[in-house]
2 protein chains.
Amino acid sequence: MSQLNKKTTIKDVAAKAGVSVTTVSQILNHKGARFPAATHKQVRQAVADLGYVANFSARNTRLTVRRRTIGVLVPQIQNPFFANLFRGIQDYLYDQAADTFLVSTDGDNVKAQQYMKQLIHRSVDGFIIASQLDGQDPLLKKLRRLRIPYVLLDQNEGDQAGDQIIVNERQGGQLVAAHLAAVKQGPIILVVPRQQSANIHLRIAAVKAELARRQVEIAAIYQTSALEKSAGALTGRQIMQDFATAPHLTIWAVADEVALGIIKAVRQARKQIPENVKLMGYDDTDYADYLNLTTIHQPVVTIGREAAALLQARLADPVRPRQVIVKPVTLVRRDSTSDD
Amino acid sequence: MSQLNKKTTIKDVAAKAGVSVTTVSQILNHKGARFPAATHKQVRQAVADLGYVANFSARNTRLTVRRRTIGVLVPQIQNPFFANLFRGIQDYLYDQAADTFLVSTDGDNVKAQQYMKQLIHRSVDGFIIASQLDGQDPLLKKLRRLRIPYVLLDQNEGDQAGDQIIVNERQGGQLVAAHLAAVKQGPIILVVPRQQSANIHLRIAAVKAELARRQVEIAAIYQTSALEKSAGALTGRQIMQDFATAPHLTIWAVADEVALGIIKAVRQARKQIPENVKLMGYDDTDYADYLNLTTIHQPVVTIGREAAALLQARLADPVRPRQVIVKPVTLVRRDSTSDD
DNA sequence: ATGAAAGCGCTAACAT
DNA sequence: ATGTTAGCGCTTTCAT
């Protein structure tokens with residue numbers, strides 16, 4: 001059988017085909033027009049027989065136009081929001097001759113740092129970062145120092161260097177507030193994360209401001225430990241306990257995943273949505289439609305595609321003016337806030 | 001400012017530090033014990049000043065132990081089942097000095113083929129394949145020809161070459177049937193995919209066999225076009241229409257995502273789960289718990305980790321005997337099949 | 001303690 | 001139509 005380790009090289013192919021390595025290289029790179037069909041055939045045959053694949057690294061040392069490599073950093077790939085973001089990115093890059101290393105940081109910052117370091121060592125051409133990072137984050141500082149371009153998603157401040165795609169959080173917050181005011185039933189409760197990234201902070205501030213403008217009172221604001229279902233369920237249980245005697249409640253959760261946890265808590269408290277509790281989320285995750293959850297739609301697949309496009313443009317022209325794209329959001333009404 | 005294109009090389013660093021490239025290389029690769037601290041400092045300083053990162057490809061041409069690269073193929077990263085699988089894989093590989101290219105094939109076989117081709121050209125060391133592929137699939141044939149190792153997930157036959165992790169579908173099917181028999185209320189309906197991969201086929205066959213053994217009748221079997229929420233909803237609507245007059249139904253869906261679509265259809269038909277419809281899924285996706293869906297638990301994160309371990313072992317020893325690991329499943333009872 | 005030189009597998013310029 | 005040679009950026013051997 002075949003040797004255990006030694007990969008077959010272009011030399012082996014050349015020897016087997018009875019030609020020089022140049023001939024093999026040229027033909028395999030579609031620059032062998034001058035060689036007769038017979039030579040092509042011999043070479044192809046030898047390649048097939050030996051199962052030869054050119055060494056990627058060796059090729060790259062000489063090649064001028066290389067296939068690009070992109071690093072993608074998301075906080076949680078299990079969250080369908082980020083899964084769809086990734087789809088959008090892959091969608092675009094697929095046609096653009098680039099491959100993506102995906103890193104799901106899962107709240108582990110040390111891991112994220114180390115992974116990033118690895119990807120940098122891999123000569124990754126650029127990054128798309130959806131994990132919340134402060135502009136002063138050592139990771140971003142490092143990227144800037146190394147002049148590795150990156151596109152930041154959903155972080156409205158703190159970084160003045162990278163291209164960005166942000167969502168109109170002010171508009172989103174206003175839509176939330178207006179809808180809460182319209183469907184309001186019993187006390188209004190907001191569920192927000194303890195740690196607030198810039199964009200989430202803006203979102204919440206906009207909700208508060210618009211409710212205040214409409215003179216609608218907020219009964220309570222609960223802090224949840226993470227933007228995850230389990231954290232939402234915990235907070236939801238607390239709410240149902242604290243407001244056990246209230247026949248009606250109106251709750252807004254900062255993200256659909258959190259709302260999903262609250263749905264569970266409401267059910268466990270043997271209350272009904274929307275009869276007893278009107279619930280609203282944010283993101284319009286794949287699941288919102290199936291859970292009948294009123295929410296704010298973010299065009300996440302599009303955002304992924306545009307982020308990839310932004311990065312690609314930046315790679316092509318490192319000195320083009322910095323771009324910040326703002327995407328609008330829309331309200332999606334579903335039964336979780338309906339009247340009956 | 002810095003030049004537009006030219007990356008800084010080890011030569012630039014050497015020049016700036018006033019030493020030879022050898023010295024730089026040695027120090028940067030932690031083989032510079034013999035150099036005095038002063039030299040180290042100069043080199044590090046030059047590296048920092050220039051923002052130097054060693055060219056990955058150039059390094060790799062000489063390096064003996066390289067960081068590994070793994071390709072991961074999943075049908076749909078938005079499905080939390082596969083997102084968690086990926087987490088398991090990344091979890092394990094992270095410590096094992098390997099990085100993963102993720103490809104979500106999204107039912108596009110042409111795209112999958114082309115992506116694979118790219119990854120092969122990238123000298124990917126091995127693949128973990130969760131996309132359903134026939135053993136005769138050209139993709140697998142190619143991998144075998146090129147002697148690139150791969151681990152197949154969840155495909156019980158058709159391939160005798162790669163290591164595999166499979167789930168005990170027979171056991172799963174029996175658990176489903178036993179539970180259906182126990183909670184049965186009205187006609188029993190199965191929802192299965194039109195295209196059945198080997199493992200899904202086994203699962204369904206086991207359900208049928210066990211129901212037959214228990215002399216429990218299946219009222220109808222519906223075929224759904226894909227293992228997706230939207231397909232499930234479509235089929236669910238059809239069921240609710242066909243059985244509009246039945247006060248009670250018992251439905252098993254081949255996957256949680258499909259069950260989720262059915263939940264929506266049931267709700268739209270203004271029926272209640274579990275009062276009117278007892279519903280059961282398969283997979284125990286993150287969402288099943290939040291939707292109160294009775295289902296069969298597959299230890300997916302573990303499967304991901306073990307798949308990665310299997311591949312790593314194979315890379316370390318290409319001639320070790322072929323491994324096939326069978327994982328057990330468990331029934332998870334929730335309210336969607338409860339009594340009241 | 002340091003560097004010159006060889007060589008990794010490949011592509012490309014330059015003969016022939 | 002084909003091969004010889006240089007060189008990519010790096011690591012490693014071997015002198016000094």
Side-chain angles (χ1 to χ4, degrees), chain A residues 3 5-47 50-67 69 120-125 146-147, chain B residues 3 5-44 46-47 50-67 69 120-125 146:
Chain A
Q3 294 94 302
N5 22 25
K6 276 285 194 181
K7 276 269 177 188
T8 65
T9 76
I10 196 170
K11 273 186 194 161
D12 303 326
V13 176
K16 175 124 189 173
V19 297
S20 75
V21 292
T22 307
T23 307
V24 176
S25 174
Q26 301 275 23
I27 289 179
L28 260 32
N29 289 293
H30 305 105
K31 290 174 186 169
R34 51 199 168 131
F35 300 104
T39 307
H40 280 250
K41 196 155 286 176
Q42 287 172 66
V43 169
R44 298 277 172 204
Q45 190 55 246
V47 166
L50 298 171
Y52 169 73
V53 180
N55 179 309
F56 176 73
S57 291
R59 282 199 87 201
N60 266 265
T61 55
R62 301 267 30 212
L63 250 35
T64 38
V65 286
R66 306 167 15 253
R67 192 172 172 88
T69 315
I120 290 171
H121 283 155
R122 273 187 178 265
S123 305
V124 159
D125 298 288
L146 300 179
R147 281 170 252 113
Chain B
Q3 295 94 302
N5 21 25
K6 278 284 193 181
K7 276 271 178 187
T8 66
T9 76
I10 196 171
K11 272 185 194 163
D12 303 326
V13 176
K16 176 126 189 171
V19 297
S20 75
V21 292
T22 307
T23 307
V24 176
S25 174
Q26 301 275 23
I27 289 179
L28 259 33
N29 289 293
H30 306 105
K31 291 173 186 169
R34 52 197 168 131
F35 300 103
T39 307
H40 280 252
K41 195 155 285 175
Q42 286 172 65
V43 169
R44 298 274 172 208
V47 166
L50 297 172
Y52 169 74
V53 180
N55 179 308
F56 177 73
S57 291
R59 280 200 88 199
N60 266 269
T61 55
R62 302 271 12 216
L63 250 35
T64 38
V65 287
R66 305 167 14 253
R67 191 171 171 89
T69 314
I120 290 171
H121 283 155
R122 272 185 177 266
S123 305
V124 159
D125 297 288
L146 300 178

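The basis for the numbers below is simple: all heavy atoms, side chains too, and nothing from hydrogens, waters or symmetry mates. Order of the sequence lines fixes the chain letters, A, B, ..., with proteins taken first and strands second; residue numbering starts at 1 for each chain.
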Value in whole Å for how far the [atom2] atom of [N] lies from [atom1] of [X]:
X     : N      : atom1 : atom2 : answer
A/N55 : C/dT11 : CG    : C1'   : 13 Å
B/R59 : D/dT12 : CZ    : C1'   : 13 Å
B/L63 : C/dG9  : CG    : C1'   : 14 Å
A/N60 : D/dG7  : CG    : C1'   : 16 Å
A/K11 : C/dG7  : NZ    : C1'   : 9 Å
A/F56 : D/dG9  : CZ    : P     : 16 Å

Report, one pair per line, the protein and nucleotides 4-6 of chain D atoms (nitrogen or oxygen only) whose separation is under 3.5 Å.
residue: D/dT4; atom: O4; partner: A/T22; partner atom: OG1; Å: 2.8

If we fit an axis to the first five pairs and another to the last five of the helix from C/dA1-D/dT16 to C/dT16-D/dA1, what angle do they make, to the nearest 10°?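 Computed from the C1' atoms at both ends, the axes differ by 40°.
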
Can you name the nearest heavy-atom pair linking [X] to [Y], along with the distance?
X     : Y      : answer
A/Y52 : A/T8   : CD1-O, 3.3 Å
A/A54 : B/S123 : O-OG, 3.8 Å
A/K16 : A/A46  : CG-CB, 3.7 Å

What parts of residues 23-30 of chain B reach DNA chain D, counting only heavy atoms under 4.0 Å away?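 B/S25, B/Q26, B/N29 - these, ordered by number, are the residues of the stretch whose heavy atoms sit under 4.0 Å from the strand.
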
Derivation and outcome, side-chain contact (heavy atoms from CB on, under 4.5 Å), residues A/N55 and A/K7: CA-CA 9 Å; A/N55 179 309; A/K7 276 269 177 188; over 6 Å; no

Heavy-atom donor-acceptor pair, A/T61 side-chain to C/dG9 base, under 3.5 Å: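 Answer is yes: a donor-acceptor pair is held.
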
Return no unless some side-chain N or O of [X] is found under 4.0 Å from OP1 or OP2 of [N].
X     : N      : value
B/T39 : C/dT2  : yes
B/Y52 : D/dC10 : yes
A/R34 : D/dA1  : no
B/K31 : D/dT12 : yes

Of all residues at least two apart in sequence or in a different chain, which pass the salt bridge (Lys or Arg N to Asp or Glu O under 4.0 Å) check with A/R122?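 A/R122: salt bridge (Lys or Arg N to Asp or Glu O under 4.0 Å) contacts with B/D99.
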
Would you give me the side-chain donor-acceptor pairs under 3.5 Å for residues 24-31 of chain B, sequence neighbours excluded?
residue: B/S25; atom: OG; partner: B/N29; partner atom: ND2; Å: 3.4
residue: B/N29; atom: OD1; partner: B/R59; partner atom: NH2; Å: 2.5
residue: B/N29; atom: ND2; partner: B/S25; partner atom: O; Å: 2.7

Partner set under side chain to side chain contact (heavy atoms under 4.5 Å, CB included) for B/N60, not counting sequence neighbours: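 B/N60 satisfies side chain to side chain contact (heavy atoms under 4.5 Å, CB included) with A/S57, B/F56, B/R66 only.
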
Given D/dG3, D/dT2, C/dA1, identify the nucleotide with an atom nearest to the side chain of A/V19.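 The answer is D/dG3, which lies nearest to the side chain.
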
